[in-house]
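A short write-up of the structure that comes next.
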Protein chains: 2
Amino acid sequence: MAEVLGVALVGCGTVGTGVARILRDHSDRLAQRGGRAVELRHVVVRDAGKPRDAAVLGALVGTSSEVAIADPAVHVVVELVGGTTVARGVVLAALAAGKHVVTANKALLAAHGPEIFEAARKAERVVCFEAAVAGGVPIIRALAESLAANQVTALQGILNGTSNFILTAMADRGVSYADALGEAQRLGYAEADPTLDVDGSDAAHKLAVLAQIAFGVTPKSGDIEKVGIDRVQATDIRFARELGYTIKLLAEAWTDGPEVALHVAPVLLRHTDMLAQVRGAHNAIQVTGDIVGETLYQGPGAGMMPTASSVVADLLDLAVGRAQRTFAAAKLWSTAPRGFTLTPSEKVRSRFYLRLSVADQPGVLAEVCRMLAEQGISIASVIQHEESATTAHGVPLVIMTHTAETGRFRAAVRHIAGLPSVVEPPVYYSVAG
Amino acid sequence: MAEVLGVALVGCGTVGTGVARILRDHSDRLAQRGGRAVELRHVVVRDAGKPRDAAVLGALVGTSSEVAIADPAVHVVVELVGGTTVARGVVLAALAAGKHVVTANKALLAAHGPEIFEAARKAERVVCFEAAVAGGVPIIRALAESLAANQVTALQGILNGTSNFILTAMADRGVSYADALGEAQRLGYAEADPTLDVDGSDAAHKLAVLAQIAFGVTPKSGDIEKVGIDRVQATDIRFARELGYTIKLLAEAWTDGPEVALHVAPVLLRHTDMLAQVRGAHNAIQVTGDIVGETLYQGPGAGMMPTASSVVADLLDLAVGRAQRTFAAAKLWSTAPRGFTLTPSEKVRSRFYLRLSVADQPGVLAEVCRMLAEQGISIASVIQHEESATTAHGVPLVIMTHTAETGRFRAAVRHIAGLPSVVEPPVYYSVAG
């Protein structure tokens, strides 16, 4: 049996503790599957005095990442610090010292991918990141290995478990956004400050990582248009259901020849769509390849053990020597162009759901229809309930359009919003399929 | 760039033609991702005079597998002959000649896995078989690589597209089994002789392959209990729907400590279950790992291009050198025990759906309930419609049980079948979840 694979954890919160437990509790299994023992040798934390899980205390617990990285018995540094500042330093130092890196840090990859992967190639070391996107769902391997014969032509993912938990609670039990968020926070599915989850930022980071693998593009902050779930209302969830749809926060990559558009937004999916069935904190990604067609990957999107499972899969790939081959072949975040260019989401074609609050007076629907028609957009269906109570906010008018270019639809909405009979800002979402 | 990877196709039906097209149409893409060119050099067919796709004619087309295997410019033999006789000979000859093998042949692996993998290890060559199970769904890599940190504790798969197409047609449009089968044959989803698909044999072969990877067990023909869809009636699909369930043909592995039970049968799944949403000829596998929890993989289960996509993924893994590492680490079909033993499905615990045709007379339900109770089985719900027409076949009585051991449930059914008031053989299926 080959030399032991020595591991240092830098950062040891929930996921780090999970990794330590797997390495301790399943050492025989890992040695058998990796062809060599995998041993936790250092754990680097901010506060060495804090009580730790027994699995963590089996390693040297210290506060210096330099010491851990410098130990010749360490071959892999697992970065679980989070954020983009300290984490970047740790990763670059580890690579410079000739250590492989495993990270679960999508924000770091989205912000500093080119620098980090260039450093890895220079050092002839590997950066693995299965845990960075969709927790326990092996989407990185699916894109980089399993679908290697394909050019991906579309991606649609439920990549933020917190948002999906909240939308599922709103749809199942009719609770408000605020109540569902409170519940997610009590159950530990949402942070005290949930902004990055519910405003789409977290999903956008993950989409940036997937888009790099699938298309070789490196979106900068701001290149991914994002709309979060924080303005999704119970009334839209009800209307969507009446029409046969479920609202999900989707991260999407859409291609048209060499153009790729990336965005994160709430989208209406048919009840029978596989992605519509993904509930609670689960994640799922539908990948369309030009050869294979549509494939789907689903599982727990976060949490101690699912994410740790992906980190340890990366460690085993390094132990076996597979990761080294994959890394050299994949040329991720390299400067070599792969022919795709980013395009604004304005060009994406979609159907749309539009909800207006209108004054209860004749001629409103006619005006709205005319403004859509002026942009070449035709209407598939309209809901305006006779029994709808007229309030200060007007009566709801819901329109489903046929397929239209996003930019033209938005232009129509801007005009519609200016109508005196439209009494609140219009609400709209795209409709998948 | 490294030496060209030379490929010989032995057998060139639908999937072989798909592979030839990918190698011709995407040679730049494959060379980039594999780090070396992948070239089709020989195609071995039974009838060299038959018209062929232009992509096939780019290679040397002949009738001798010996000639193709002996060519030093061939590094990989892709076996697409099918069956277990000629295919076995081709695979063993290729390995003996020092060539890697890629195969889509689940029947071959299920029947001769130990011999073939032993030959590969002896020859220090690799056998890849992503295309052997679930067509374009990368389930082999998921089990062997992505979930490597886990011990699988349960598998549930929709592994036969023909059966799923037929059940979907029956459920969606209320057509009979015979009509749905006829439609599947007209559309090319079912063979002229559909026996292996609809009686569960094909799914059982695939389950045998998955069980080898997940548990290290090597089930012999007959070790996997199987019930096909050929006796599923429209009336059961209707009753299942009324109860909130969909009937799917599932291949399942169930574990209890070191025991593993394997079976293929129609199963009732809740409408909201992800597997219940898998429609038409698609395949899906839900894998439960002891660390990650439940994950799911879904996609096209057969067809020219999806299956060819998986074959070419294997070729790229060989080109990159990843397959060689995986193969050495996985020790598939080796004699080394992994601690699991096969157990009969009689021991599996499940809920059950039971439909009886009973004479319309008092006391029948009481007798049936007593016989279930004698086996310790309690009843969750009963459907007996007042308006049900009494016919020569009696009136339908549908019972859903609580969880019970399969063996005890079957014993109760044997007793119930003997009741004079039960006028047709009882129909029963297990209920998932």
Side-chain angles (χ1 to χ4, degrees), chain A residues 18 22 26 29-30 32-35 130 135-138 141-142 145-151 272-274 276-279 282 284 286-287 289-300 303 305-306 308-313 315-317 319-322 324-326 328-331 338, chain B residues 18 22 26 29-30 32-35 130 135-138 141-142 145-151 272-274 276-279 282 284 286-287 289-300 303 305-306 308-313 315-317 319-322 324-326 328-331 338:
Chain A
I22 298 172
H26 301 292
R29 179 194 296 177
L30 302 185
Q32 193 185 21
R33 298 186 185 175
E130 183 66 75
V137 185
R141 278 172 184 71
E145 304 181 19
S146 306
L147 302 180
N150 292 263
Q151 174 55 52
T272 50
D273 192 301
M274 291 288 287
Q277 307 300 326
V278 176
R279 300 168 61 71
H282 268 221
Q286 183 165 298
V287 182
D290 62 348
I291 295 170
V292 73
E294 284 181 8
T295 62
L296 182 130
Y297 310 85
Q298 196 251 10
M305 298 318 283
S309 170
S310 286
V311 168
V312 176
L315 292 174
L316 289 175
D317 265 13
V320 166
R322 199 157 47 215
Q324 292 82 329
R325 301 303 183 109
T326 305
K331 303 180 189 70
R338 295 213 335 245
Chain B
I22 297 172
H26 301 294
R29 179 194 298 177
L30 302 185
Q32 191 186 20
R33 299 187 183 174
E130 183 66 75
V137 185
R141 278 173 184 70
E145 303 180 22
S146 306
L147 302 180
N150 293 261
Q151 174 55 52
T272 49
D273 191 301
M274 290 287 287
Q277 308 299 328
V278 176
R279 301 167 62 73
H282 268 221
Q286 182 165 298
V287 182
D290 63 348
I291 295 170
V292 73
E294 285 180 7
T295 62
L296 182 129
Y297 310 86
Q298 197 250 10
M305 298 318 284
S309 169
S310 286
V311 168
V312 177
L315 292 174
L316 290 175
D317 265 12
V320 166
R322 196 158 48 213
Q324 292 82 329
R325 301 302 183 110
T326 306
K331 302 179 190 69
R338 293 209 341 240

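A, B, ... follow the sequence lines: proteins, then strands. Residue 1 opens every chain. Worth saying up front: this structure is predicted, and the values here are computed from it rather than measured.
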Q: Side chain from CB out, backbone as N, CA, C, O: work out which of these in B:V137 comes under 4.5 Å of a heavy atom of chain A, or both, or neither.
A: neither

Q. If every non-hydrogen atom of B:R338 is compared with every non-hydrogen atom of A:Q32, which pair is closest and at what distance?
A. CD-NE2, 4.2 Å

Q.
With chain A as the partner, which of B:T272, B:N150, B:D317 has the greatest number of non-hydrogen pairs under 4.5 Å?
A. B:N150

**Q.** Top of A:A319, A:G321, A:G303 for chain B proximity - count of heavy-atom pairs under 4.5 angstrom
**A.** A:G321

Q. Are any side-chain N or O atoms of B:R33 and backbone N or O atoms of A:A329, one a donor and one an acceptor, separated by less than 3.5 Å?
A. no

Q. So which of A:M274, A:E294, A:R279, A:Q286 has the biggest tally of heavy-atom pairs under 4.5 Å with chain B?
A. A:M274

Q | Non-hydrogen side-chain atoms of B:P300 and A:T295 separated by less than 4.5 Å | A | yes

Q. Looking only at heavy atoms, which two atoms of B:A313 and A:A149 are closest? And how far apart?
A. N-CB, 4.4 Å

Q | Heavy-atom closest contact (A:S309 atom, B:V292 atom, distance) | A | OG-CB, 3.6 Å

(Q) Looking at A:R325 and B:R322, would you say the former's side chain and the latter's main chain have a donor-acceptor pair under 3.5 Å? (A) no

Q: Could you look at B:D290 and say if it's the side chain, the backbone, both or neither that has a heavy atom under 4.5 Å from chain A?
A: side chain

Q) Can you tell me how far NE2 of B:H26 sits from CD1 of A:I291, rounded to the nearest 0.5 angstrom? A) 4.0 Å

**Q.** Contact origin within B:L316 toward chain A - heavy atom pairs under 4.5 Å
**A.** side chain

Q | Spacing of B:Q298 atom CD and A:Q298 atom CD [to the nearest 0.5 Å] | A | 10.0 Å

Q. Between B:Q151 and chain A, which part of the residue has a heavy atom less than 4.5 Å away: side chain, backbone, both or neither?
A. both

Q: For the pair B:T326 and A:E145, evaluate side chain to side chain contact (heavy atoms under 4.5 Å, CB included) and give the outcome as yes or no after the intermediate values.
A: CA-CA 13 Å; B:T326 306; A:E145 304 181 19; over 6 Å; no

**Q.** Which of B:G34, B:G136, B:G135, B:S146 touches chain A most, by non-hydrogen pairs under 4.5 Å
**A.** B:S146

Q) Hey, are the side chains of A:Q277 and B:L296 touching, using non-hydrogen atoms and a 4.5 Å cut-off? A) no

Q. Which region of A:V278, side chain (C-beta onward) or backbone (N, CA, C, O), has a non-hydrogen atom less than 4.5 Å from a non-hydrogen atom of chain B, or is it both or neither?
A. both

Q) With a 4.5 angstrom heavy-atom cut-off, which part of B:R141 approaches chain A: side chain, backbone, both or neither? A) side chain

Q: Select one option (side chain, backbone, both, neither) describing which atoms of B:V287 are under 4.5 Å from chain A's heavy atoms.
A: neither

